[in-house]
Every structure is written in structure tokens, then in C-alpha cells.
Amino acid sequence: SCGAPSPEKTVSSVKSTVDNLSAVCSCKGVRVTLDNNNMWNEFYRCNTEMILTKQGRRMFPYCRFRISGLEHFQRYILVMDINPVDNVRYKWNGQFWEACDKAEPHILGRVFIHPESPSSGHYWMQQPVSFYKLKLTNNPLDPDGHIILHSMHRYLPRLHIVPADKTTEVIQLSGPEVMTFTFPQTEFFAVTAYQNLRITQLKIDYNPFAKGFREEGQCCRPSKPKLESSSDLEGSEAKSVLSAIDLSKSGTKVNVDGVKLPLKTLKSLFHTNEPPDELLDQEFFNNKDYDIGLMENNPLFNTRHETENKSSW
DNA sequence: TCTCACACCTTTGAAGTGG
DNA sequence: CCACTTCAAAGGTGTGAGA
């Protein structure tokens, strides 16, 4: 799998603006592409921050992958977890991040299982896979199964692809059959309030839920450079037609660094009252590469948002 | 550094409408 | 029935004051 970036004691507030980090990570013949790579890179250059709240906060940007190289009829479980990048606690000095202390111990055992899991390789490969429902919390006693992180620490998300229909009841994410993928540009600082104003502005610019804070109209803010790829847009969703798979029959457990959790329990923790059909991203439909065929194939395609958002995104 | 109420926004899905 | 529209509720945002 791809390597993590080397930890630095101080983190420049502005990284190189020349090149994007690679959108591709391969493992055992399986190729995973970070679909919204341009947006991740734009945030990464300013040192991405993700808000932690007691009740759980979504990530923005969130992780969205395109996968190829899976066996079509093999079933897989897709799992995300978030690991510390280093053993350091940071502080924001008004200009950049700097190391200030030893890290709090990482809280193990919390992962996010993609709600479509398990599904066939064919299924995972036919459209981008989004993890926008993953939530982060700073509540060590969080009852909702969200991923628990420490504020002012630095983290890197990981994607694990786990072959599913083995007879074994316990899956070890460090096991030999598990494929793990990381993308350095998805690294972030966990915070309870934004530190860097540039990050706040990027969130406001790109997250549709923060539209209320944008300065629209004639004057005001200088127009920012727009992301070149429409596939980087994210936030809105449309329904797709997917088959429901009853996870509760599998009885599979997930072993996260020694903590074994029944898959059934995790599923109910993370996705209570979720319909089996998953939601895909708006920009997925906006992307011309996907428009061909997808609209024909998907009777639930909803054009309402497309026209509405194209201008402002 | 963290939490909370808040205004503002998007998303969702039920109800309504017309063919 | 189906496709489409309308509308209100639910829920995702950053803010800013206060702890």
C-alpha cells in the first residue's frame, strides 16, 4: 500500500502549489483511485482540518474512491479507519502547526464499515464508493459508534478491502488477505474549532451545507480559482438502485488491532435506520464521463440538482 | 480549547397533482 | 399506476459568545 508522509515537527502553512499528490494507490493487483483528489490536494496544501464534535461530525472533504482489479464474483467488505500520523500533539501558533507535546493514546476499535458491505467486486467497481457518512467525535464515551479522535492531533484515513465470504468469523484488518490503501493528501488535523482561516474559507467555498456563509453577489470576495475537474465537486447526492444485502446473516466480526467486534453490531451502530440503497454524490452525475450510460441505466437519476448546482459549483 | 444555540442552508421523503 | 411538483421536517454547516 502507499506510504504515509513522514511526520514533521512543524508543518508549513502552505505546501507546494505545483503538483497534486498521486490519486492512485495499488495493492496486490487492486487499484484504488482517490476520486476527489483535486479537492483533497487543495485542502492538503493548507493543512486540512476536520472538526470533532460530541455528537459526531462528517468529514469534508470526505473519502471517495474508484476501485479496479477486484474479482467480479468475490464479495468484499470495505472498512475505513483513521490512524495517528505521529506521536505528537500540535498547536496552531497563528501561522502554522507546531509540535508541542506527546500525543494522547489513540483510541482503538472504532471503524466505519461501508453500508453496502459486503458486496461483489463487480458492484464495488461499477461506481465510485463514498464514505461521506463517516463521522468523527471527540467524545471518548461516544455511544453511536463514530470514530473517536483527539483534538489537535494529526491523522490519516485508511481504506481496507476485506474479502468477505470466507468461513472465518473474525476479520483482522492486519490479516494477510486484507488490502490497505492510504493517500497522504487525506491527512488532517483534528480540531474542535477551525484554526486556519484558509481552511475555513475552503470549507465554506466547497461544502454545500456551508453555502449560507458564502459572500455571493457583485463585489466582495475575489473569485477563487475553481477546481478543474467536475468530479471534485461533492456534497449533494442522488439515489441509486442497489441491491440490499443482509449483513446480519454473516455473523462476521471485525478485529481492529486486537479488538474483535461483531459485524452485525457494528453495522447497527453505524447505520441505524438506513435504507439499503446508498446515496451517491452529485458530482458523480455531473461528471460527463459518468453521464454516459449511467443516466440510461439508473431510473432514479434525479436531474433536479444537476441544473441547480452546475453554475455555482 | 471547547461547547452550545443559532441562522442559514441542503437533503429527504411524504403528500399532492395530473396524465 | 407513473412521473413530476410541492412542502415541511430533518439534519449538516460555520459563527460567536461564553465557559
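A, B, ... follow the sequence lines: proteins, then strands. Residue 1 opens every chain.
At the phosphate of dC2(B), OP1 or OP2 sits under 4.0 Å from a side-chain N or O atom of S151(A). Contact annotation: K211(A) side-chain N/O to dT10(B) OP1/OP2 distance is under 4.0 Å. The phosphate of dG12(C) has neither OP1 nor OP2 within less than 4.0 Å of any side-chain N or O from K133(A).
The NE2-P distance, from H153(A) to dC2(B), rounds to 10 Å in whole Å. Going from atom CG of L52(A) over to atom P of dC4(B) covers 14 Å, rounded to whole Å. One atom, CH2 of W92(A), and another, P of dC2(B), lie 16 Å apart when rounded to the nearest Å. The interatomic distance linking F189(A) (CZ) with dT1(B) (P) rounds to 12 Å, in whole Å. Rounded to whole Å, atom P of dG12(C) lies 13 Å from atom CG of L134(A). Regarding W97(A), its CH2 atom lies at a distance of 11 Å from the C1' atom of dT1(B), rounded to whole Å. Across the protein-nucleic acid pair, Y132(A) atom OH and dT11(B) atom P stand 10 Å apart, rounded to whole Å. Here the C1' atom of nucleotide dT13(C) and the NZ atom of K135(A) are 12 Å apart, to the nearest Å.
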Legend entry - Sugar-phosphate or base contact per nucleotide [nucleotides 14-19 of chain C; S, B, -; heavy atom under 4.0 Å]: BS----
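Membership of the apolar cluster around I204(A) extends to F213(A), as traced through chained side-chain contacts below 4.5 Å between ILVMFWY residues.
No donor-acceptor distance shorter than 3.5 angstrom exists from the side chain of N207(A) to the backbone of K203(A), with no hydrogens or angles considered. At least one donor-acceptor pair under 3.5 Å links the side chain of N196(A) to the backbone N or O of C46(A). Counting only distance, with no hydrogens or angles, the side chain of H150(A) and the backbone of P105(A) share a donor-acceptor pair below 3.5 Å.
Nearest-nucleotide assignment on DNA chain B puts the 5′-proximal partner with K91(A), out of K91(A) and K54(A).
The ring of H114(A) has its center closer than 6.0 angstrom to the ring center of F131(A). Between F183(A) and F65(A), a ring centre-to-centre spacing shorter than 6.0 Å is recorded.
For Y76(A), there are no ring pair (Phe, Tyr, Trp, His ring centres under 6.0 Å) partners at least two apart in sequence or on another chain.
Residue contacts for Q55(A): at a heavy-atom cut-off of 4.0 Å it reaches no nucleic acid atom on any strand shown.
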